[in-house]
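What follows is one structure encoded as structure tokens, with my remarks underneath.
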Amino acid sequence: MAAGECCQEYLMLKDVRIDLNRDGVFGEEGFAGFSLCLWMYLSSSAQPSSVIFRQVSSEIEGEVPFLALSEQKKLILFPLMFLHSEASFAGSTFPWSDIHHITSESECPMERWVHVGCKATTDHISLYFNGELSDNMPLSSSSDDHNLDNFKKVSLAGSSGNDGKLQGYVYNACMLSLSASIKDDFAKNPPVKLSLNGSCTSDALEVGNDGVWSIVGGKASCRRNFSLDVVLSDAVGQVVHKDMEITASLVYADNGAPVEKTQDNSEAPLLVGFEGLEYPSTERPVAVFLGRATFKLKLSQLSSKSDNRLFSICFRASQTKCYPFFEARSPPIRCISRSRCIRPVVIGKRQASASPICDRTQLPGINDRFQETHENIGNGHAEIVSHRKQANCLSSKRPKISPDKSSRQVDANGNIAQEEKAFKMNSEARSNNLDGTDNCPSDSESIDARNSEVKWIGESIDPMSDMVIFRYCLEGTYERSLLLKEIIKSSSNEELVTFADQVCLYSGCLHHRYPILISKQLVQEANDTWNSICQNGNRALWITATVELNKRFMSISRSTTRGLSEKDLEVLRGIAGCGEELGLENFNAMWQWLYPVAVTLSNVQINGMWECTLPKWIEGFITVEEAESSLKCPRGIQKPGTFVLRFPTSRSWPHPDAGSLVVTYIGADLTIHHKLISIDQSKESGAESLQNLLLKEPELSQLGRVVR
């Protein structure tokens, strides 16, 4: 392999051997120097004081370290034997305190790809970490003719890992000329890995204080489904659009061994749902689309049937070698029966807040407001008189409310008041993980949901009955959408408003009001749009449907200059889950996300932010991965206060947060946070712009950019 050539494949560290006697390293005038670049992945078993690469030669006995891991888990680079006078001698071992070396500034993370660059000439060595110069050292040359001849016999060999101290992998190892840029190599063709989105959508799950998930499973009549997202991204955090299939399996959390069927259970321990049917998870891989694979799962194996051992769900890429970076695991799971009482996980429960940014602690900012509304129904519209009422952010209990309070001014046809008075930002997800979670129980696309749909069709549903109200409060998002579609068939606008009031009262959540009140208009617009797209057929080509979708979007959002971009349409296609053809089910999934977003954008001040292109306050429809990667830079993340705005792709009607804006930002703790922005609507004029209110927040200082 000559200088400039790369080995663009994944190799175990022990299989890597790099000969230094190659074109480009030695020229007509002798040793010219070289740059070695590679991506490295060290397993969690890697211990400090381990040698990663060693110098080997037939001219000496023993081995000399070249790249090692210090006691502080930092990278150490050593001089080259036969080239530098300060080089270590054969057989040298930790702690190498008496040997010249240079050290990286940052720790080398385990189970994560890092880019390492090493430059060597006759009089110095340099160490690069993730494309940036970390340390360098001047050295004395020992490169006489005899030593240069010996140096040509030197190779760099990866650690064998036979002692169990170090196991790792290498990708895209390159020998470059000294003039080549190591930073450019870092940005070019990074490796990829699988990771769990870190969230679970279900009312069947509870997270204990020890981090163990408790999931309702067992026999078919009891088990509940839950959804997990697996993300394919590269080493710099960018989502990778690559054809790949992922398979899920249930393993024991302590040793990773597969969970076998028990004698009294003929079903596979882990089941995956496809189009209303259940299959053994190992027999039905899920395709990655737009960098994400969504699994709808159920557990049939109880922990009590396996000596109360904890499980874990292992996701592996199909048709690839068994590499750890192509594998992702869930936290430990305890599968319990339905008879055991658990609390549903409510991730991102809304709280009354005294600040636009409220993460369970009180922060200075704009006062949170609840609006008391009085509605007089006339010609299907509600006249709203708003008053503001402050609430205490530190209260751990849900504030007491009456059924006539609302956080948005919406009439029964889905019309929103156009003037904005103030806003608030609430923590929308436990551990700052917003997308993929649902603060309302959701069994989207579940078998139970599909069965319940059949029961509702054709029934005359009285929205005033306690049974319907309580059922709506307790069901998941998918089931609520079915129930609402039946309710609006025979309910007047006044009955719909009363139903929304009752749901807010008994659920204790004001935000249920908005999706209920826009339901009539949403369904009507959906029917009209679908009829225009499919032309009385059952399916439509996606490429032709996009024209009508863009037209409807601009009409609903009242946008005059900005429609849907190609990237926006890619995101919508991912939400729809369709290929070249768009079916009715795919359309409904997409429309129930798009319509609330378009209605939000019809608000005067948010519409102005959407139309504004310099600066571009709202980049478009972006995923949480794109938002997070936009806040990262080669050496980590951007400075605190940098933020971008987005619409969470996991929030679809009738979820209470459907159509809401989320701010993704770098906090003072140098980590990425996701907070929900709730808009208080008011008819008062002269309200301060949302842009100014955002920049007044102490945690937000500058608008970031999303490179798409």
Here the gap from Leu297 atom CG to Leu228 atom CG, rounded to the nearest 0.5 Å, amounts to 6.0 Å
Output for pair (Glu548 CD, Asn550 CG), nearest 0.5 Å, gives 9.5 Å
| Between Arg562 and Glu611, is there a salt bridge with N-O shorter than 4.0 Å? | no
Check: Do Lys632 and Glu628 meet the salt-bridge criterion of a basic N to acidic O distance under 4.0 Å?
Finding: no
Please answer whether the main-chain N or O of Ile215 pairs with a side-chain N or O of Arg224 as donor and acceptor at a distance below 3.5 Å. no
### Task
Evaluate side-chain contact (heavy atoms from CB on, under 4.5 Å) for Leu645 paired with Ile677, printing each intermediate quantity in order.
CA-CA 9 Å; Leu645 298 174; Ile677 300 176; 3.8 Å; yes
For the residue pair Phe499 and Tyr472, categorise the inter-ring angle as parallel (less than 30°), tilted (30 to 60°) or perpendicular (more than 60°).
perpendicular
Taking the ring of Phe315 and the ring of Phe295, is the distance between their centroids below 6.0 Å? yes
For Ser602 and Ile556, the nearest pair of non-hydrogen atoms, with its separation, is CB-O, 3.4 Å
Test side chain to side chain contact (heavy atoms under 4.5 Å, CB included), reference Phe647, set Val662, Val571, Thr600, Ile622, output is Thr600
If the threshold is 4.0 Å, N to carboxylate O, is there a salt bridge linking Arg223 and Glu278? yes
Exactly one candidate in Glu581, Glu580, Glu585 meets salt bridge (Lys or Arg N to Asp or Glu O under 4.0 Å) with Arg539; the answer is Glu581
The reported gap from CG in Leu572 to OG1 in Thr649 (rounded to nearest 0.5 angstrom) is 10.5 Å
Q.
For Leu522, is there any backbone N or O sitting under 3.5 Å from a side-chain donor or acceptor partner on Glu525?
A. no
dist Leu299:CG -> Ile333:CD1 (nearest 0.5 Å) comes out at 6.0 Å
task = Would you check if the side chain of Thr623 reaches a backbone N or O of Glu626 as a donor-acceptor pair within less than 3.5 Å?
result = yes
side-chain contact (heavy atoms from CB on, under 4.5 Å) evaluation trace for Thr529 with Ser532:
CA-CA 5 Å; Thr529 305; Ser532 299; 5.8 Å; no
Next on the checklist: If you apply the rule ring-ring contact (aromatic ring centres under 6.0 Å, His included), what do you find for Trp653 with Tyr514, and how did you get there?
Outcome noted: CA-CA 10 Å; Trp653 175 88; Tyr514 171 68; over 10 Å; no
Here the gap from Leu510 atom CG to His512 atom NE2, rounded to the nearest 0.5 Å, amounts to 9.5 Å
Test item: Asn586 side-chain N/O and Leu582 main-chain N/O as donor-acceptor pair under 3.5 Å | no
* For the residue pair Phe553 and Trp610, does the interplanar ring angle fall in the parallel (under 30°), tilted (30 to 60°) or perpendicular (over 60°) class? -> perpendicular
Review point. Thinking salt bridges, do Arg705 and Glu619 make one under a 4.0 Å N-O criterion?
Key: yes
inquiry  = Checking the side chain of Asn607 only, and the main-chain atoms of Val604 only, is there a donor and an acceptor separated by less than 3.5 Å?
reply    = no
Is a side-chain N or O of Arg480 found less than 3.5 angstrom from the main chain of Cys473, in a donor-acceptor match? yes
#### Entry: Polar side-chain atom of Ser227 near backbone of Lys296 as donor-acceptor pair, under 3.5 Å
no
Glu625/Arg292 salt bridge by N-O under 4.0 Å criterion = yes
Inset, instruction - Spell out, as yes or no, whether a donor-acceptor pair under 3.5 Å connects the side chain of Ser481 to the backbone of Tyr478. - result: yes
Worksheet item: With a 4.0 Å cut-off, would you call Lys489 and Glu486 a salt bridge?
Response: yes
Take the angle between the ring planes of Phe326 and Tyr10 and call it parallel below 30°, perpendicular above 60°, tilted in between.
perpendicular
Scanning both residues in full, the closest heavy-atom pair of Ser249 with Leu270 reads C-CD2, 3.8 Å
